[in-house]
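For reference, the structure discussed in these notes is given below.
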Amino acid sequence: MQRRTFFLGSLGASLMFRSVAKAAETYPSRAVRIVVPYAAGGGPDIMVRQFGPRLSLTMGQPIVVENKVGAGGVLAAQYVAQAAADGYTVLLGSNSHLIQKALQPSLMFDPEHDFLPVTVIGTSPSVLVVSANSPYRSVQDLVAALRARPGKLNYASGGIGSAAHLGGATFATLLKADAMHVPFKGSVEIPISLVRGDTDFAFAIAGTAIPQVKSGRLRALAVTSRAPMAELPDVPTLHDVLHSDLAIQEFWFGLWLPRNSRAEVVDKLYGATTAALKDAAVKNEFEAAGIRVIQSDTPQAAAAFVRDESRKWAEIIKLTGISAG
């Protein structure tokens with residue numbers, strides 16, 4: 001009996017020691033994965049891969065980028081929401097996740113309650129693009145064609161509820177025009193569809209659109225930012241053409257952790273991300289891709305921003321009549 005009591009006591013002490021040791025483990029002690037809900041080669045993916053090496057330096061551990069594409073970002077969000085809340089699995093969250101939840105309330109994740117937003121890292125407008133061989137050389141040309149051929153023109157997107165879908169639906173709503181939505185599995189398929197002539201126009205995220213415009217494959221007709229973009233200085237804003245605030249749409253990206261992540265993990269990732277974003281090379285790389293670096297003042301400010309954005313995009317969805325079906 002005495003031996004048994006000693007054994008249990010030793011086991012308890014051993015378990016307690018391991019628990020304390022685990023809690024005291026310095027984060028991060030191994031590679032951190034950033035799960036990207038977009039296809040490799042698209043604007044958001046390029047952004048993270050440019051940012052990753054600098055974040056690796058400030059974190060002191062490797063940063064691994066993992067693409068998990070599908071359902072407009074839902075698959076990636078569900079995956080991270082169910083991951084261990086240890087700080088080693090991070091989601092590249094965006095307003096696309098808020099939009100998907102507004103479109104499909106029954107989804108098995110809630111962007112406001114299943115995650116801890118760490119910080120916003122960048123924001124990007126969309127670019128209204130057509131093929132370089134398209135007959136449409138201006139927004140006015142495209143508007144005239146939409147009105148002359150109702151229901152005959154179509155626009156590409158990276159999926160239902162994506163930035164390109166919201167941009168196209170808003171455009172049609174403002175014009176009171178009828179255009180067909182053609183969703184693909186990811187944003188990288190948008191330029192291909194335009195060049196092949198499968199689709200007529202699209203609102204591609206700037207990070208995806210700008211390289212294609214500069215290569216001569218696509219033509220930019222307008223941008224959805226409030227002011228013209230430095231990378232496309234001669235391209236007008238859609239707001240200036242259509243004179244509606246609904247035409248101003250910028251999509252943002254940030255880092256989110258699973259809900260039960262420890263405060264010290266959130267703070268560590270926030271501090272490392274903030275330091276990495278101050279690097280001039282990162283800023284230049286982001287801007288070259290049409291992405292403006294922005295930083296949340298605190299993780300709490302990031303959470304408040306997500307809540308405000310959730311309400312805003314729900315209102316836009318209601319106005320445009322977008323549905324998941």
Side-chain angles (χ1 to χ4, degrees), residues 27-28 32-38 43-45 47-48 51-52 54-55 58-59 63 65-66 68 72-105 107-124 161-163 166 205 249-278 282 286 291-317:
Y27 169 82
V32 175
R33 284 187 303 161
I34 299 180
V35 178
V36 176
Y38 308 98
D45 175 73
M47 174 188 70
V48 175
F51 177 57
R54 183 56 188 166
L55 181 59
T58 56
M59 288 288 282
I63 299 297
V65 179
E66 179 179 335
K68 194 167 287 291
V74 172
L75 293 184
Q78 290 177 334
Y79 175 76
V80 175
Q82 297 167 8
D86 55 11
Y88 293 100
T89 306
V90 184
L91 176 69
L92 181 69
S94 74
N95 42 356
S96 290
H97 294 110
L98 308 179
I99 291 164
Q100 290 296 341
K101 185 62 177 179
L103 286 172
Q104 307 175 74
L107 285 176
M108 299 301 291
F109 85 99
D110 190 321
E112 290 191 64
H113 297 104
D114 291 343
F115 299 95
L116 289 177
V118 176
T119 184
V120 179
I121 62 176
T123 183
S124 177
S162 64
L166 267 290
I205 283 289
Q249 293 186 2
E250 297 211 33
F251 281 70
W252 50 265
F253 312 92
L255 300 183
W256 296 358
L257 287 167
R259 182 68 183 180
N260 294 322
S261 300
R262 304 193 313 272
E264 56 267 33
V265 169
V266 175
D267 291 342
K268 175 70 176 182
L269 183 57
Y270 172 80
T273 304
T274 300
L277 289 173
K278 291 179 179 177
V282 169
F286 274 32
I291 299 166
R292 180 169 55 92
V293 172
I294 58 174
Q295 298 170 259
S296 304
D297 291 337
T298 62
Q300 293 74 24
F305 174 79
V306 169
R307 288 193 295 271
D308 290 343
E309 284 286 293
S310 182
R311 289 190 289 270
K312 167 189 167 182
W313 288 100
E315 291 176 3
I316 289 176
I317 288 168

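Sequence positions, counted from 1, serve as the residue numbers for this chain.
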Return the set of residues passing side-chain hydrogen bond (donor to acceptor under 3.5 Å, both in side chains) with [X] (not counting sequence neighbours), or none when no residue passes.
X	answer
Asn260	none
Gln249	Thr170
Tyr270	none
Asp45	Arg49, Asn67

*Verify whether one side chain among Gln82 and Gln78 offers a donor that lies under 3.5 Å from an acceptor in the other.*
no

Grab the two heavy atoms, one from [X] and one from [Y], that are nearest each other, plus how far apart they are.
X	Y	result
His97	Leu92	CE1-O, 3.6 Å
Thr119	Ala302	CA-CB, 3.9 Å
Gln100	Gly161	NE2-CA, 3.5 Å
Val306	Pro117	CG2-CG, 3.9 Å
Arg33	Thr89	NH2-OG1, 3.0 Å
Met59	Lys268	SD-O, 4.4 Å

Taking only residues at least two apart or on different chains, which pairs with a member in [range] satisfy salt bridge (charged side-chain N to carboxylate O under 4.0 Å, His left out)?
range	value
residues 299-314	Asp308-Arg311, Glu309-Lys312
residues 83-100	Arg30-Asp86
residues 293-303	none

Just by distance, do the side chain of [X] and the backbone of [Y] share a donor-acceptor pair under 3.5 Å?
X	Y	value
Thr58	Ala272	yes
Gln295	Thr274	yes
Ser296	Val120	yes

Mind checking the [atom1]-[atom2] spacing from [X] to [Y]? Nearest 0.5 Å is all I need.
X	Y	atom1	atom2	answer
Ile205	Ser96	CD1	OG	7.0 Å
Leu269	Leu255	CG	CG	5.5 Å
Asp110	Leu98	CG	CG	9.5 Å
Asp267	Ser261	CG	OG	11.5 Å
Asp114	Met108	CG	CE	9.5 Å
Arg292	Ile121	CZ	CD1	13.5 Å

Would you say the side chain of [Y] lies within less than 4.5 Å of the side chain of [X], judging by non-hydrogen atoms?
X	Y	result
Leu257	Val90	yes
Pro44	Ile291	no
Leu55	Thr273	yes
Pro37	Leu75	no

_By salt bridge (Lys or Arg N to Asp or Glu O under 4.0 Å) - contacts of Lys68 (at least two apart)_ = Glu66

Got a sec, which residues hit ring pair (Phe, Tyr, Trp, His ring centres under 6.0 Å) with [X], two or more places apart in sequence or on another chain?
X	result
Phe115	Trp256
Trp313	Phe251
Tyr27	Tyr88
Phe51	none

